[in-house]
Engineer: 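Below is the structure I would like to discuss, written out as structure tokens.
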Amino acid sequence: MGYSAFTDNQIQGDKAVRQELWQKVKDNDEYLYYAIAAMQAGGTKMMVVLNPFLENDLNVDQIPDSWTRYLYPGGTGQYATISDSKIYCFAHPGGAGNGGGYLTSDYIEMSSFWGVLKNLGFVLWSTVAGIKNQVIVEFYSNNKVYISSNTIYDSVANPTARQSFIATIGTIPDYARYIKIKLVGGESSVDVAGTTYFTGISVNPSTEMTTEMIVSATIAEGYTANTVWIDVNSVVIPLPIFGLVNIGFEAEIRTTDVSATASQRFRIGSVYSNENSTVSVSYMSNYYKIENIYIASSSITLIQQLMRAAGSAFNVYGKKSIPKTNIKYII
Amino acid sequence: MKTLILFDTQIHAWLTGESFESAEAHIRNGYPHLLEGWQAGTLKADVIDITEEDAFKSELYKVKDGIICLKTP
């Protein structure tokens with residue numbers, strides 16, 4: 001049984017309502033219900049966000065359908081019209097303890113395959129940069145019991161014009177089978193009046209790689225005898241682009257004694273690269289990559305971390321090698 | 001330069017330029033073996049000011065009586 005369209009004749013104002021019409025309403029409703037259920041719970045688990053632009057509000061209660069709303073003291077949440085587009089917004093009136101509010105999505109079933117859920121896309125901006133906005137992903141078990149949450153956007157320096165974000169969701173707890181998305185506009189711990197707009201919420205938005213750039217950067221030789229991961233060096237890398245990038249590069253590592261394993265990795269903020277280890281006393285070159293970093297400034301700081309395996313107290317060394325110092329951005 | 005340090009009786013992570021609020025993200029992404037201690041409250045986080053010159057000289061510091069302090073010669 002597929003979807004069956006209504007004819008104009010069937011819904012004329014002066015026409016008697018027949019059982020046939022209600023049967024069609026019922027059949028169509030069931031068809032659409034099971035179609036959505038198949039997307040959400042079927043083998044493909046498409047991880048669909050219902051009402052992703054927050055525009056649908058059938059009962060006109062100023063709360064987007066398929067989302068629930070909480071308002072902080074003094075806060076308002078409502079629709080605004082900007083450039084003929086219907087946009088949902090929260091207003092923080094200012095004042096200690098006051099705030100805007102937040103929207104929480106319905107449960108979104110996720111695939112049990114690790115790594116399938118990677119990014120969340122959203123459009124966000126505020127009338128005042130200093131208002132506190134957050135985007136939070138909450139994880140739930142198969143029985144819809146709350147497990148934990150990742151705050152993937154948390155800022156008091158927000159864009160004041162429309163900006164599209166793609167944020168990495170980060171580590172997903174074991175046994176998480178559902179997520180909820182929480183959009184916080186004007187969080188109440190920050191006393192700044194203003195309005196925050198949200199739209200365009202999507203799970204795993206397209207991150208098609210379109211451009212590749214190569215920029216040179218060097219990290220001087222660093223060393224440590226620590227047996228935990230420690231920052232040992234850094235380099236500031238100019239970035240000619242904004243958006244989601246993958247960064248790849250080669251770097252070298254060595255130990256001063258074969259009994260002390262040297263390990264190296266890199267980080268940008270709290271996003272970490274893969275790790276490489278060696279017991280070679282000569283420099284060994286390895287490839288490192290850091291994926292899905294959202295770039296919102298004109299430069300980033302790449303930080304080198306080193307670690308020595310427990311055992312002999314020898315130093316381990318690492319550096320970005322020459323001539324393999326190029327850092328390749330894939331945008 | 002602000003530096004985030006994760007520690008209990010010893011330093012477990014030295015994170016240059018990072019904020020206190022980023023501690024959990026670092027633990028989840030880079031130090032998952034510390035998550036249990038973090039959730040149990042045995043692992044602590046502190047942000048201290050380090051001169052740029054000493055930004056990466058974690059070996060100069062230690063944990064004493066629950067706080068991060070300079071090693072004395």
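Labels below follow one simple rule: chain letters A, B, ... track the order of the sequence lines, proteins then strands, and each chain is numbered from 1. Being a predicted model, the structure only gives us computed values, none of them experimental. Note that these values count all heavy atoms, side chains included, but never hydrogens, waters or copies made by symmetry.
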Engineer: Is the count of non-hydrogen atoms from other residues, nucleotides or ligands lying under 6.0 Å from B/Glu36 atom CD greater than 12?
Structural biologist: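 No, because the 6.0 Å sphere around CD of B/Glu36 holds 12 heavy atoms or fewer from other groups.
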
Engineer: Where do A/Ser270 and B/Asn29 come nearest, in terms of heavy atoms and distance?
Structural biologist: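 For A/Ser270 versus B/Asn29, the nearest heavy atoms are O-ND2, 2.7 Å.
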
Engineer: Could you tell me which portion of A/Gln305 (side chain, backbone, both or neither) has an atom closer than 4.5 angstrom to a non-hydrogen atom of chain B?
Structural biologist: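 For A/Gln305, side-chain heavy atoms alone lie under 4.5 Å from chain B.
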
Engineer: Quick check for you: to the nearest 0.5 Å, what is the distance between B/Phe56 atom CZ and A/Asp231 atom CG?
Structural biologist: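 One gets 6.0 Å once the value is rounded to the nearest 0.5 Å.
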
Engineer: Any heavy-atom pair between the side chains of B/Leu15 and A/Arg267 that's under 4.5 Å?
Structural biologist: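 Yes, side chains in contact.
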
Engineer: In this structure, are over 12 heavy atoms from other groups packed under 6.0 Å from B/Lys62 atom NZ?
Structural biologist: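 Correct, the count exceeds 12.
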
Engineer: Which atom pair, heavy atoms only, marks the closest approach of B/Tyr31 to A/Tyr272?
Structural biologist: CE1-OH, 3.4 Å

Engineer: How about A/Thr171 and B/Pro32: do any of their side-chain heavy atoms sit closer than 4.5 Å?
Structural biologist: no

Engineer: At a heavy-atom distance under 4.5 Å, which candidate from A/Val228, A/Ile303, A/Thr301 has the highest pair count against chain B?
Structural biologist: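 It is A/Val228.
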
Engineer: Could you grab the distance from atom CH2 of A/Trp229 to atom NE2 of B/His26, nearest 0.5 Å is fine?
Structural biologist: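 A/Trp229 CH2 to B/His26 NE2: 15.0 Å, rounded to 0.5 Å.
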
Engineer: Using heavy-atom distances under 4.5 Å, tell me whether A/Ser234 contacts chain B through its side chain, its backbone, both, or neither.
Structural biologist: both

Engineer: Taking 4.5 Å as the heavy-atom cut-off, does anything in residues 142-152 of chain A contact chain B, and if so which residues?
Structural biologist: A/Ser148, A/Asn150

Engineer: Under a 4.5 Å heavy-atom cutoff, which of B/Ala55, B/Ser58, B/Ser22, B/Gly17 has the most pairs with chain A?
Structural biologist: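 The answer is B/Ser58.
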
Engineer: Side chain from CB out, backbone as N, CA, C, O: work out which of these in A/Ile230 comes under 4.5 Å of a heavy atom of chain B, or both, or neither.
Structural biologist: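 Both backbone and side chain of A/Ile230 come within 4.5 Å of chain B.
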
Engineer: I'd like to know which of B/Arg28, B/His12, B/Glu18 tops the heavy-atom pair count under 4.5 Å against chain A.
Structural biologist: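 Ranked by contacts with chain A, first place is B/Glu18.
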
